[in-house]
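As the structure is a computational prediction, the values presented were derived from the model and not from experiment. Hydrogens, waters and symmetry mates are skipped; everything else that's a heavy atom, side chains included, is used.
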Amino acid sequence: PGVATGAHHHGRHEVMLYVVKGRTEIRWGERLEFLAMLGPGDFAYFPPYVPHQERNPDADAPAEFVVVRSDNERIAVKLPCQPAERPETVG
């Protein structure tokens, strides 16, 4: 509850995220300037090298999601990022 990853990408891998339980806020783009709220049954897809961040906006309830990458290699590149102050909500 209430935690977030830092801005990152997974190199050459494609990434798919499926929300099992709870809600998650997904931000993406060079400055994490786009935002979507996902709930159970929702998917998010990121092509290779797309900066993104996952965050559980709920301070009390856990979020559970499954992440699938196009390769078994565990590439995660942390990025220095000054996130957009007001991301554009998508979806």
Practice prompt. Keeping to residues at least two apart or across chains, list the side chain to side chain donor-acceptor pair (under 3.5 Å) pairs with something in residues 30-42.
Written response: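 Not a single pair qualifies under side chain to side chain donor-acceptor pair (under 3.5 Å).
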Discussion item. Filter on side chain to side chain donor-acceptor pair (under 3.5 Å), then keep only pairs touching residues 79-91, sequence neighbours left out; what's left?
Written reply: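 Qualifying pairs, neighbours excluded: none.
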Discussion item. I need the Thr24 OG1 to Glu54 CD distance, nearest 0.5 Å.
Written reply: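 Spacing of OG1 (Thr24) from CD (Glu54) equals 6.5 Å.
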In the hydrophobic cluster built from side-chain contacts under 4.5 Å, what are the other members alongside [X]?
| X | answer |
| --- | --- |
| Leu32 | none |
| Val77 | Ile75, Leu79 |
| Val50 | Val15, Leu17, Val19, Ile26, Trp28, Phe34, Leu38, Phe46, Phe65, Val67, Val90 |

Applying side-chain hydrogen bond (donor to acceptor under 3.5 Å, both in side chains), name anything that partners [X], two or more places apart in sequence or on another chain.
| X | value |
| --- | --- |
| Arg55 | Glu25 |
| Glu73 | Arg12 |
| Glu14 | Tyr45 |
| Ser70 | none |

Fill in: Donor-acceptor pair, side chain of His13 and main chain of Gly11, under 3.5 angstrom
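Side chain of His13 to backbone of Gly11: no pair is present.
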Worksheet item: With sequence neighbours excluded, what pairs up with Ala76 under the side chain to side chain contact (heavy atoms under 4.5 Å, CB included) test?
Response: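 With sequence neighbours excluded, Ala76 shows a side chain to side chain contact (heavy atoms under 4.5 Å, CB included) to His10, given in chain and number order.
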Worksheet item: Quick one: side chain to side chain contact (heavy atoms under 4.5 Å, CB included) partners of Val3, sequence neighbours excluded?
Response: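 Testing Val3 for side chain to side chain contact (heavy atoms under 4.5 Å, CB included), a comparison that skips the adjacent residues, returns none.
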Worksheet item: For the residue pair His52 and His9, is the inter-centroid distance of their aromatic rings smaller than 6.0 Å?
Response: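 No, ring centres 6.0 Å or more apart.
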